[in-house]
Every structure is written in C-alpha cells, then in structure tokens.
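Quick notes on the structure that follows.
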Amino acid sequence: MSIDEAGVRKALETIIDPQLGKGLITLGLVEQVAVAADGIRVVITSEESDPAANAPLERAITQAMETLAELEGVALPPLEVSFARKVRLAEQSSSSTENPLPNVRHVIAVGAGKGGVGKSTSAVTLAIGLARTGARVGLLDGDIYGPSIPTMFGLDEEVINVRGTTMIPFEAFGVKTVSIGKLVDPDKALIWRGPMAHGAFKQLALQTDWGPLDYLLVDLPPGTGDVPLTLAQLLPLTGAVLVCTPQRVAQDDARRAARMFQQLEVEIIGVIENMSSFTGKDGTTYDIFGEGGAEILAQTMGLPFLGRLPIHPELRINLDAGTPDRCFSGDPLLAEALDGLANGLASRVALMEQAGGLDRPTLEIN
Ligand code: ADP
C-alpha cells in the first residue's frame with residue numbers, strides 16, 4: 001500500500017468547513033497536491049494574511065494525512081503544507097473569454113438564511129422594479145427545492161419553449177424568466193443532491209437564450225447548499241442580496257448565509273429587511289416580528305443595508321395570483337418601498353462599478 005495523489009485529495013475532502021459543511025476540495029481551496037519520492041506537498045488557498053490564522057487548518061491537514069498513512073499501513077512521508085493568497089472565485093471565470101454569459105452585465109444572487117422570509121418575493125419585485133427603470137432584466141429561479149417564480153409570475157400553465165438545446169425564457173412584466181420548476185417536477189426536486197442540482201442549475205443558467213441583459217437576478221434556494229457554490233464557480237457574480245426578517249432566529253441563519261457568500265468571495269451588495277412591520281387601515285403600525293433586526297445584522301457585519309419591506313397583504317395576494325406588477329400600482333406606500341429597493345440596488349451596483357471594484361466584461365450588443 002502507498003499514498004498517492006488521489007488518496008491525499010480524498011483525505012483533504014474529509015476536512016469539512018464548519019460554516020459551509022463542505023470539504024476542502026469541493027470548496028476549491030486546494031490549489032496543489034504533489035506526491036513525490038521526497039514527500040507530500042499541499043498548497044491551500046487562504047485569504048488570511050496572519051499565518052497564525054492558518055494553524056488550525058494546518059493541524060487538521062496533518063491529522064488527515066496521519067490517518068491516511070495509518071490506513072495505508074505506511075509511515076507518513078515528510079509533509080509540507082503551505083498557504084497561498086486566495087484567488088477570487090468570481091475572478092476565476094470573469095475574463096471575457098471564460099465568462100459563459102458575456103451579454104449579461106450583472107449577475108446578482110438573491111439569497112436567504114432560511115425559507116419563508118420573502119426571498120422569492122424580493123427577487124420578483126426587485127426584477128420588476130429594475131425593469132421599471134428601463135433596464136433589461138432576467139430572473140433565474142434556481143430554488144430547486146421550492147421554485148415559486150412560475151406561480152408568482154402567473155406561469156403555472158405555461159410550457160417552456162425549446163429551440164434546439166436552448167430554452168426560450170418566458171417574458172412577463174418586462175422580465176425574462178426561467179424556472180427549474182418548469183424543467184422538473186418540484187416534488188422530485190426534494191431528493192436532489194449535489195451533482196444533480198449542479199447540472200440542472202448549470203443547464204438553466206447557460207442554456208437559456210437570455211439575450212443582452214443589464215441584470216440577471218438569481219433566486220437561490222435558502223441556506224448554504226450546493227447551488228450558491230455552483231453559481232459562484234459558474235458565473236462572474238456582481239454580488240448577492242441577502243433577505244432577512246427581523247427576528248433573532250432569522251438573523252442567526254442570515255449571518256451564516258452572509259459568511260457563506262463572504263467565503264465564496266461574493267460581495268454582499270446589501271441586506272433587505274422583509275416583513276419589518278405592518279400598518280393597519282387605521283394607520284396604526286404593529287411590529288409583528290419586531291423591526292430593525294436585519295439592519296442591526298447588516299451594521300454588525302459591516303454590510304450595506306438596502307431597506308425595509310413591510311408586511312403587506314397586497315404582496316401576498318398579488319404574488320399568489322401571479323400579478324406582481326399590481327404591487328407597484330396599489331398602495332403608494334408599498335409601491336414606494338418596492339421602487340426604493342430596486343433603485344437602491346441599482347445605485348449600489350453603479351457605485352461598485354464606479355469604484356472599479358468590478359472586473360466585469362463589457363456588454364456586447366448583438
Ligand atoms: P422564500 O422565497 O423566502 O421562501 P417567499 O417569497 O416565497 O419566501 O414568501 C413566502 C410567503 O410570504 C409568500 O406567500 C409571500 O407572498 C409572502 N410574503 C413574503 N413577504 C411578504 C410581505 N412583506 N408581506 C406579505 N406577505 C409576504
């Protein structure tokens with residue numbers, strides 16, 4: 001028995017990141033593995049500038065290699081573990097030759113720490129709000145475990161059109177959209193795991209005829225699963241919007257999601273607080289889930305705050321009925337909040353672009 005490169009990689013994959021629940025190889029953190037006569041060399045990418053911060057990971061790698069040697073029944077050869085400065089995941093695929101969607105100016109993920117906080121509601125209303133500013137907008141429903149865009153867009157009865165191997169997106173309310181719910185039976189999606197989720201998401205993102213877009217919003221599944229990882233590796237992301245309700249339990253999950261994006265080197269463009277208060281017909285405001293919790297979360301994590309969305313029956317009614325555009329023409333307070341969030345997002349993205357923080361390909365008009 002002996003130690004080879006495949007064995008070393010397998011052992012490295014057993015080292016699980018506690019935040020993301022994934023191994024070092026899956027997370028793309030292993031830059032190099034070399035097994036030669038004079039020993040084993042492992043290079044890990046790390047964003048830590050203080051070498052002491054890498055010590056726990058180095059110990060875990062040494063332990064994993066000791067276990068491997070024990071299993072192989074050999075003495076552990078000299079082991080060299082080194083840490084290289086982290087390369088941005090987003091930049092890895094952002095050069096125009098590698099960018100698989102060169103006609104899309106900004107890909108923006110919409111994520112949440114847990115389900116039911118209004119992530120899809122935010123994605124849909126942000127998409128329509130951005131379209132109302134005159135932008136060309138796409139919305140990719142990547143929530144493989146609970147795709148709700150077909151219902152929210154009133155597309156439940158529609159069938160996806162395919163030209164060759166390319167999907168033609170639906171167009172409604174000025175937004176082009178496709179949903180995983182139109183490719184597979186959502187009941188079956190529940191049992192999907194890594195590779196299948198990866199494949200379906202990739203197909204949806206890359207085999208859709210989006211045409212030129214200013215923004216492609218991606219409604220992610222809640223939590224820290226495989227889809228965000230796939231997305232970060234697949235497309236150059238401008239950043240992510242994080243949706244959170246004000247309660248403490250939601251904040252804890254949102255914090256985990258925020259750390260996941262940070263670990264994937266995806267910039268958080270801003271936090272939205274949804275369901276922050278309810279104002280009755282008599283004008284009395286009720287703090288049903290509390291107010292301000294998500295803003296505090298944003299402050300403590302040093303993240304921009306995009307604004308609040310109140311609990312409003314028009315949102316639930318119109319999104320259930322597939323008429324989301326009506327939220328912009330009913331109660332002016334709701335319309336104002338929705339337009340404000342979309343405008344705030346557009347301004348933040350423009351600022352990021354001006355600050356030169358985005359190494360994005362320029363838009364090609366066909
Ligand atoms: P998620 O995508 O986070 O699972 P959804 O966007 O599907 O959550 O929202 C869950 C439900 O709550 C939907 O029925 C939606 O219409 C409703 N909802 C979300 N936000 C609000 C709000 N601010 N006011 C009223 N209903 C809301």
Side-chain angles (χ1 to χ4, degrees), residues 26 28 89-112 119-120 123-124 126-127 130 135-150 153 155 160-172 175-184 186 189 192-241 260-261 264-267 269 349 358 360-361 363-364 366:
T26 304
L89 272 174
E91 282 172 8
Q92 281 174 2
S93 56
S94 69
S95 76
S96 50
T97 48
E98 282 176 42
N99 178 6
L101 292 179
N103 288 341
V104 178
R105 197 169 174 82
H106 296 292
V107 182
I108 297 171
V110 182
K119 171 184 54 59
S120 300
V124 166
L126 282 173
L130 287 169
R136 292 159 300 184
V137 185
L139 174 60
L140 196 168
D141 182 6
D143 190 347
I144 49 173
Y145 304 114
S148 37
I149 304 298
F153 260 64
L155 301 169
I160 205 157
N161 273 321
V162 178
R163 195 191 303 126
T165 53
T166 306
M167 285 174 275
I168 313 300
F170 300 103
E171 281 200 63
V175 176
K176 290 182 177 178
T177 185
V178 290
S179 169
I180 199 98
K182 288 291 168 191
L183 283 189
V184 290
W192 284 18
R193 286 297 168 259
M196 280 169 80
H198 176 99
F201 180 81
K202 200 169 161 184
Q203 199 184 350
L204 208 60
L206 304 188
Q207 283 176 236
T208 296
D209 183 9
W210 293 109
L213 291 180
D214 296 305
Y215 305 94
L216 175 61
L217 302 190
V218 183
D219 186 11
L220 292 176
T224 54
D226 296 294
V227 172
L229 185 65
T230 302
L231 177 63
Q233 287 169 336
L234 193 66
L235 300 176
L237 280 168
T238 294
V241 170
M260 170 195 70
F261 283 123
L264 293 172
E265 291 277 307
V266 173
E267 181 156 353
I269 305 172
V349 169
L358 295 174
R360 298 286 160 259
L363 188 65
E364 288 169 22
N366 289 325

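Keep in mind it's a predicted model, so treat the numbers as computed, not measured.
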| note | Distance col, row Leu101:CG vs Leu235:CG, nearest 0.5 angstrom, shows 5.0 Å
| request: Work out which heavy atom in Glu171 is nearest to a heavy atom in Lys176; give both atom names and the distance. | output: CG-CG, 3.7 Å
| Nearest non-hydrogen partners of Leu231 and Ala109, listed with the distance | CD2-CB, 3.8 Å
| request: Compare every heavy atom of Ile180 with every heavy atom of Pro147, then report the nearest pair and how far apart it is. | output: CB-CG2, 3.8 Å
| query | What closest approach, in Å, do Pro100 and Pro236 show between heavy atoms, and which atom pair accounts for it? | reply | CD-CD, 4.5 Å
| note | In terms of heavy-atom contacts, Leu204 and Asp141 come closest through CD2-O, 3.5 Å
| Criterion side chain to side chain contact (heavy atoms under 4.5 Å, CB included) on Leu217 and Leu140, from CA distance to verdict | CA-CA 6 Å; Leu217 302 190; Leu140 196 168; over 6 Å; no
| query | Could you state the interatomic distance from CZ (Arg105) to CG (Asp214), rounded to the nearest 0.5 Å? | reply | 7.0 Å
| message | Contact between Phe153 and Val175 at the side-chain level, heavy atoms closer than 4.5 Å - yes or no? | response | yes
| query | Taking side chain as C-beta onward, heavy atoms only, is Ser179 less than 4.5 Å from Ile160? | reply | no
| From CG (Asp219) to CG (Leu139), nearest 0.5 Å | 6.5 Å
| Does any N or O in the side chain of Asp209 come within less than 3.5 Å of the main-chain N or O of Ile168, such that one atom is a donor and the other an acceptor? | no
| request: Check whether any side-chain heavy atom of Leu237 sits under 4.5 Å from a side-chain heavy atom of Glu267, and report yes or no. | output: no
| said: Evaluate Lys202 against Leu234 for side chain to side chain contact (heavy atoms under 4.5 Å, CB included), listing each step before the verdict. | reply: CA-CA 8 Å; Lys202 200 169 161 184; Leu234 193 66; 3.6 Å; yes
| field | From Phe201 atom CZ to Leu220 atom CG, the distance as rounded to the nearest 0.5 Å | value | 6.5 Å
| task | For the residue pair Pro169 and Thr177, establish whether any side-chain heavy-atom pair is separated by less than 4.5 Å. | result | no
| message | Using side-chain heavy atoms (C-beta onward) and a distance below 4.5 Å, is Ile108 in contact with Ile269? | response | yes
| query | Could you give the distance from NZ (Lys182) to CD1 (Ile149), rounded to the nearest 0.5 Å? | reply | 12.0 Å
| Worked check of side chain to side chain contact (heavy atoms under 4.5 Å, CB included) between Thr166 and Gln207 | CA-CA 5 Å; Thr166 306; Gln207 283 176 236; 5.8 Å; no
| note | CG (Leu216) and OG1 (Thr238) are apart, to the nearest 0.5 Å, by 10.0 Å
| request: Using the ring-ring contact (aromatic ring centres under 6.0 Å, His included) rule, collect all pairs that involve residues 209-229, keeping only residues at least two apart or in two chains. | output: His106-Tyr215
